[in-house]
Amino acid sequence: MTRSDVRNSHHQPALKERQAHAEQEAAAAAEVAFQQEQEHLSATYAKLLELQEATVGQLERIAGQAAADKRSMGEELTVNLASDDDIIETYADFAAMNRIVEAYNISQDINAQKLSDIQLLLRQPYFAKVSLRFKPDEPAQDIYIGNAGISDERCRRIVVDWRSPVAETYYNQSNGPTSYEANGRTIHAELLLRRQFDIEEDRLRACFDTTVAIQDELLLASLAERRSARMQAITATIQKEQNLVVRHEDVPTLLVSGVAGSGKTSVMLQRIAYLFYRNRDSLDPREVTIVTPNPVFRRYIDQVLPDMGERNPAMLTWGELSGSLLPPALAGASDRTTLEDLAAIDGAVESFALQAGDFADVACQGVVLLRGSSAHKAWEKFRNVPAGPHRTVLVREELEQRLRARLGQLAAQESLQDELAALPMAEQQRLFGAPFEPEDEQEARRLALAYVTDRYAAAFEAIERDDWLRVERIGARLLGEANLAPSQWLYLKMALTGLGDRQARYVMVDEVQDYTAAQLAVMARYFRNARFLLLGDPNQAIAPGLAPFSEIREVFERAHGEVAECRLATSYRSTPGITELFGRVADLGEGEARIASVQRAEEPPIIIECDDRSVHGAELRRAIRLAQERIEGEGGLAAVIVPRQKEARRLARQLAEAGMEPPAVMDGEATLPERGVVIIPLKLAKGLEFDQVIVADACAAIFGEDDLARRRLYTTISRATKHLTVLSHGRLSPWLAER
């Protein structure tokens with residue numbers, strides 16, 4: 001033994017004693033901090049209950065006062081139109097009453113929103129705390145962060161909304177000097193403490209301090225929870241790279257590329273909630289549209305925003321959007337339109353001369369109200385205006401005038417009077433508010449005009465939709481093709497008529513890698529005034545002919561100008577073993593690191609290669625039974641993923657024939673169960689996640705050596721969060737071979 005060893009042996013007991021003492025002190029300090037935080041939570045919860053009672057009382061008082069004032073004003077107000085002065089005074093009285101009613105409505109709305117925020121916070125008053133020192137000689141300020149912001153009756157902030165500027169110091173995830181932007185100024189501060197809480201109502205279950213994402217205990221606890229039929233908000237666990245997307249500056253287009261499990265969809269929803277907060281007084285949910293991959297996915301995410309106290313925006317699929325605009329014969333048709341095809345439309349449409357045969361009749365209920373020749377004459381009336389939206393608007397207005405004149409002619413027919421008198425009394429009441437008993441010929445004509453206008457209302461809608469243009473015939477001549485593809489038809493109609501949603505301010509396209517360049521160009525033009533958030537994973541493009549990210553960027557640069565980009569490189573979904581497996585299949589860009597997982601290690605993926613069909617069937621049934629047993633004990637969701645819908649139905653039949661109760665087969669109309677096992681085709685599984693995934697057959701015949709097969713396999717495997725079983729009937733896919 002050397003002198004050094006002797007010296008160290010003497011010091012070891014003292015060192016261990018100091019370490020034990022330090023651990024005891026740390027435990028004691030943690031216990032004190034826990035008690036202090038529980039006391040603060042109890043006081044906050046009591047204050048929230050007090051504010052809830054006061055707000056409910058205020059709502060009741062305002063409602064009572066409003067009702068009393070309305071009664072009083074109704075009794076006092078009289079309509080006096082005897083002279084100009086009397087008319088002015090009457091209008092002034094009504095205007096004053098309207099202002100009073102509006103003031104009551106505004107007050108009710110404010111208090112209703114406050115009550116909604118309080119009720120949201122009563123489920124979990126807050127989830128984090130930061131201690132900030134703004135000046136060196138001042139004490140630190142404790143700021144508690146929750147899903148909504150609330151102040152007490154003296155306007156002192158009790159809880160700060162997670163979307164407020166100061167809350168960014170929490171999501172920056174590092175102690176020390178920090179800053180945030182507020183009211184156009186940069187606020188500098190020192191972050192002394194970043195504390196996270198696990199809270200349920202007024203009970204503090206845990207609290208811990210953290211500085212970097214990889215030590216984020218709240219994140220790991222959240223990731224450990226079982227999957228359910230609904231996506232959950234990630235407000236408390238937004239990571240630094242995700243926060244850059246959520247709080248990104250407002251740009252024409254933000255393109256986000258993220259690996260499987262990086263939280264793209266969650267970030268999209270948090271971004272929407274952030275935009276609603278930033279534009280509280282000006283942004284209506286009806287001005288935001290989410291384009292979702294399929295109806296199953298839409299139902300999967302439909303509670304996230306309401307759980308954050310926000311209303312859902314419009315959510316639709318590409319099929320629903322295009323199907324609402326296309327003629328029935330083209331809805332759902334195959335589409336191989338290229339960007340060159342669309343550029344040809346842009347280049348030709350303004351100088352293209354329309355012919356008489358390019359115009360259709362306007363008919364309703366089998367009655368032709370305007371001939372196509374009438375539309376042609378209206379078009380030629382504005383020949384000095386280039387073909388396009390402006391000319392179409394002028395023609396539309398002209399046709400509406402001609403339709404009104406035509407309805408006036410119909411209303412003058414004597415036979416119509418008898419028809420009106422023979423209407424059922426309920427219909428007369430609906431149309432005229434009273435039985436059809438005109439006092440003179442003028443009133444009879446007026447009522448008849450109201451009748452025909454109601455009867456042929458669809459004709460006005462047809463004019464508004466520009467159905468008087470035969471787009472397919474125009475396109476066939478313009479492009480020299482007998483049949484237009486859906487994207488060609490839509491793009492041509494937009495070029496001719498200005499068709500589009502001008503009210504949309506934000507459009508979020510999830511799984512953007514699932515669209516062709518032409519489909520994205522149609523969306524970019526249809527929502528021409530909107531800002532876009534595009535999220536996707538190039539490795540999850542599971543169909544041929546889809547747009548690579550370089551082409552997606554090109555489409556939106558051409559349509560909207562600047563395209564900002566963000567990358568999400570960390571997977572939060574799957575265990576390290578599952579992440580390593582789908583990361584092995586991924587095609588990562590040059591210089592990109594392997595996909596990292598923050599999950600705790602659990603059992604590795606199971607890969608079973610079966611030469612015999614009966615052995616494969618037995619292993620598949622065993623894997624399903626094991627998944628069912630886990631769910632009975634632990635809960636959660638499991639999925640048997642197959643390539644297409646027909647394989648899902650075939651597998652269910654095979655399991656039934658083998659004497660096993662098959663799991664439910666998911667289709668586009670189905671909703672995920674709260675727990676259990678489902679059989680689901682890959683197209684519907686995209687964007688979803690499951691505690692357990694069974695890949696029914698990952699053989700080389702299904703997932704071969706081509707790049708499309710690689711992307712389909714990557715997408716299939718990456719749906720799993722905790723347990724993954726990969727089976728193959730025959731030789732395993734080469735993409736899963738050790739490399």
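Position 1 is the first residue of the sequence, and the numbers go up from there. What you see is a predicted model, and the numbers here were worked out from it, not measured in a lab. Values reported hereafter were calculated over all heavy atoms of this structure, with side chains retained and with hydrogens, waters and symmetry mates removed.
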As an exercise, state the distance from [atom1] of [X] to [atom2] of [Y], rounded to the nearest 0.5 Å.
X	Y	atom1	atom2	result
Leu727	Cys699	CG	SG	11.0 Å
Thr715	Lys683	OG1	NZ	14.0 Å
Ile641	Phe690	CD1	CZ	6.0 Å
Cys566	Leu534	SG	CG	11.5 Å

Take atom [atom1] of [X] as the centre, draw a 6.0 Å sphere, and report whether it contains more than 12 heavy atoms from other residues, nucleotides or ligands.
X	atom1	answer
Arg336	CZ	no
Arg286	CZ	no
Gln654	CD	yes

Verify the distance criterion only: is there a donor paired with an acceptor across the side chains of [X] and [Y] at less than 3.5 Å?
X	Y	result
Arg299	Thr671	yes
Gln645	Glu647	no
Tyr277	Glu310	no

**Report entry** Salt bridge present between Arg584 and Glu580 (N-O < 4.0 angstrom)
**Finding:** yes
Requested in this report: List the steps, then state whether salt bridge (Lys or Arg N to Asp or Glu O under 4.0 Å) holds for Arg653 with Glu657.
Outcome: CA-CA 6 Å; Arg653 287 196 303 270; Glu657 290 167 0; 5.4 Å; no
Requested in this report: Without swapping roles, check the side chain of Trp735 against the backbone of Gly704 for a donor-acceptor pair under 3.5 Å.
Outcome: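 At least one qualifying donor-acceptor pair exists.
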Which word best sums up how the rings of [X] and [Y] line up, parallel for under 30°, tilted for 30 to 60°, or perpendicular for over 60°?
X	Y	result
Phe527	Phe532	perpendicular
His616	His729	tilted
Tyr144	Tyr126	tilted

Query raised in the report: Are Leu568 and Val259 close enough, and set up right, to give a side-chain contact (heavy atoms from CB on, under 4.5 Å), and what steps lead you there?
Result: CA-CA 6 Å; Leu568 301 175; Val259 301; 6.0 Å; no
Query - Evaluation steps, side-chain hydrogen bond (donor to acceptor under 3.5 Å, both in side chains), between Tyr170 and Gln196 - result: CA-CA 10 Å; Tyr170 167 74; Gln196 295 176 288; 3.1 Å; yes
Report task. Evaluate the criterion salt bridge (Lys or Arg N to Asp or Glu O under 4.0 Å) for residue pair Asp707 and Arg711; output intermediate values, then yes/no. Result -> CA-CA 6 Å; Asp707 196 56; Arg711 297 196 301 268; 2.5 Å; yes
